[in-house]
Amino acid sequence: MRTGKRLLAVLLLIVLSAGVLSGCGFRGGDDGSGQKFAGFGDKKVLRIVSGSENAELEPILEEFEQKENVEIEMTYQGSLDIMRLLEEEEIPFDAVWPASSMWLTMGDTAHRVKHAESVSVTPVVFGIRQSLAEELGFVGREVSVRDLLTAIRSGKLSFCMTSATQSNSGASAYIGFLYALLGNPEVITSEDLQSDELKTQVRELLSGVNRSSGSSDWLKDMFVEGDYDAMVNYECLMIQANKELEQQGKETLYVIYPYDGLSLADSPLGYVDNGDDEKEELFLKLQEYLLSGDVQNKIQQTGRRSGYSGISEENKSVFRTDWGLQPDRILSPIRMPAADVIEECLRMYQTDFKKPSLSVYCLDYSGSMAGEGNVQLVDAMEQLLIQENAQKNYLQASDDEINILIPFNENVIGAYTAVGAGDEIEGLYDKVEEQETGGGTDMYQAAVEGIHMLEDYDLTKYTPAIILMTDGQSDGSFKEFREAYDQLDNNVPVFSIMFGDANETQLQKVAEYTNARVFDGRENLTEAFRAVRGYN
């Protein structure tokens, strides 16, 4: 199986009398980046777009490939991307496999997906450092969302969570919070969301978020590498995180199931009906395989559940009770609102409820960006700064949000600040569009300038990030950047977007030092900017 997470290093050239056969296709991770090669030969191919959490099931899928002599092409995208894909006139995949049925309901308005069946179930849970969970009195008892809110209000609990508008785990947790704080209504309505008490409580709860992410899988990796107190994520990823923490000799997480707001990811696999009977037959064969008893048992071994009523006896050791896991727990999921109410929930999260973002954009205007590079940069920033465009991907600014633009070449060209969602942020776009290219490249100097500008803010009130985009090898000093960064009182991620001939080693070094990541903008710069924006 070839995936967007696996870069093949060798091009297979089969020289025949008729010519040379070769081919490659583009496949992405959560950020829409990555490469893969198309299949060769006469194998039947099933193309699936999936949430990144299913990457761990690749060995199980590979067994099916070998058994049936077929090829499965997995493309990993975020939940919002899958929903948007289903809204398109043409869907370039044979099947979809999002984390939750919610995204099928919202995206498949033309009803082109059929045979959708849940492959596994995993609840969205809190994982809290064992010692802190004990201090908070959460060990060995049922915990409510209001208990968590009380701990956040007291300043004793902060947590990492994916963005509710970019990732299913974040969206599911957030809707679970709404249910609990509304007193568990039969279903959330638009009228419920207008409650002033609810708005206050949700803002207080989300004020506890100290790192955000656009990907559940990457959030787990970030947590393991960082120094954080708690994380909201899938139960199966909590198990993975604890295995890694234990191997590193670090404190493990104690898992909390908020009983009044527990949401589930039901992992539906559905067929995209494009009128190809042969593909449909292959899909049904794969689905039957995944739902078979033996394979469901293997899926349980990865930390996923095969139903709502507990774990088989032989797999209970995977769900360790000393980590707070409850293998015998009967899962009672909350009822998801109607699609239009979910849309309103997500909009309010982005503009009213979540901790405001503080984004510093360090953008390369060196001479090598002249021409097409600059055109792509301007187009990308138009999607973020022009609010009508940003709203389409739930990336619009809130009234308290701060955006800072630092154009650079071998020097810092300027620094411009916009507050809120009004004319100021769209005024930044004018600066992006007007700026001319020329000169050399020193991204470190621009990043240091961004760090100094962040020192003027109380970063505990924001979700801050520096977004560094460059298309070349940088002059300047990583040491100077590191010394400036170490003066910050907050672990601000410095995300990088690689473009053109950018030095990936330099960018990766910055990302690793700040527990961030590098996005590949060489194939699609707009998608890379949109993806990184979803991380704060």
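For the numbers below, each heavy atom of this structure counts, side chains included, while hydrogens, waters and symmetry mates do not.
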Assess whether side-chain contact (heavy atoms from CB on, under 4.5 Å) is satisfied between Val202 and Asp352, documenting all intermediate values. CA-CA 10 Å; Val202 175; Asp352 299 332; over 6 Å; no

Side chain of [X], backbone of [Y]: donor and acceptor closer than 3.5 Å?
X      : Y      : result
Asp379 : Gln376 : no
Asn393 : Leu395 : no
Tyr394 : Gln166 : no
Gln387 : Gly422 : no
Arg112 : Glu89  : yes
Asp266 : Ser101 : yes
Glu280 : Asp273 : no
Asp108 : Leu86  : no
Lys156 : Leu136 : no
Tyr174 : Leu206 : no

State the [atom1]-[atom2] distance between [X] and [Y], to the nearest 0.5 angstrom.
X      : Y      : atom1 : atom2 : value
Leu384 : Ser359 : CG    : OG    : 9.0 Å
Asp192 : Leu181 : CG    : CG    : 12.0 Å
Glu87  : Thr109 : CD    : OG1   : 6.5 Å
Leu219 : Ser52  : CG    : OG    : 10.5 Å
Tyr228 : Ser158 : OH    : OG    : 10.0 Å
Glu56  : Ile299 : CD    : CD1   : 11.0 Å

Hydrogens and angles aside, do [X] and [Y] bring a side-chain donor and acceptor to less than 3.5 Å of each other?
X      : Y      : result
Gln300 : Ser306 : yes
Asn315 : Asn297 : yes
Gln350 : Thr165 : yes
Thr302 : Arg304 : yes
Glu344 : Gln194 : yes

Taking only residues two or more places apart in sequence, or in another chain, which ones meet Asp328 in a salt bridge (Lys or Arg N to Asp or Glu O under 4.0 Å)?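 With neighbours one apart ignored, the set is Lys316.
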
Evaluate whether atom [atom1] of [X] has more than 12 neighbouring non-hydrogen atoms of other residues, nucleotides or ligands under 6.0 angstrom away.
X      : atom1 : answer
Lys114 : NZ    : yes
Lys461 : NZ    : no
Asp227 : CG    : no
Glu288 : CD    : no

Hey, what's the ring geometry for [X] with [Y], parallel, tilted or perpendicular (30° and 60° as the breaks)?
X      : Y      : result
Phe64  : Tyr289 : tilted
Trp218 : Phe495 : tilted
Phe529 : Tyr361 : tilted
Phe177 : Phe159 : perpendicular

Inspect the contact between Arg129 and Asp229 and indicate whether a charged nitrogen and a carboxylate oxygen are less than 4.0 angstrom apart.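 A salt bridge is present here (some side-chain N lies under 4.0 Å from a carboxylate O).
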
Pi-cation contact, Tyr308 with Arg305 (under 6.0 Å, within 45°): no

For residues 254-265, which residue pairs qualify under side chain to side chain donor-acceptor pair (under 3.5 Å), counting only residues two or more places apart or in two chains? Glu235-Tyr257

For Tyr462 against Asp400, the heavy-atom pair lying closest together: CE2-O, 3.6 Å

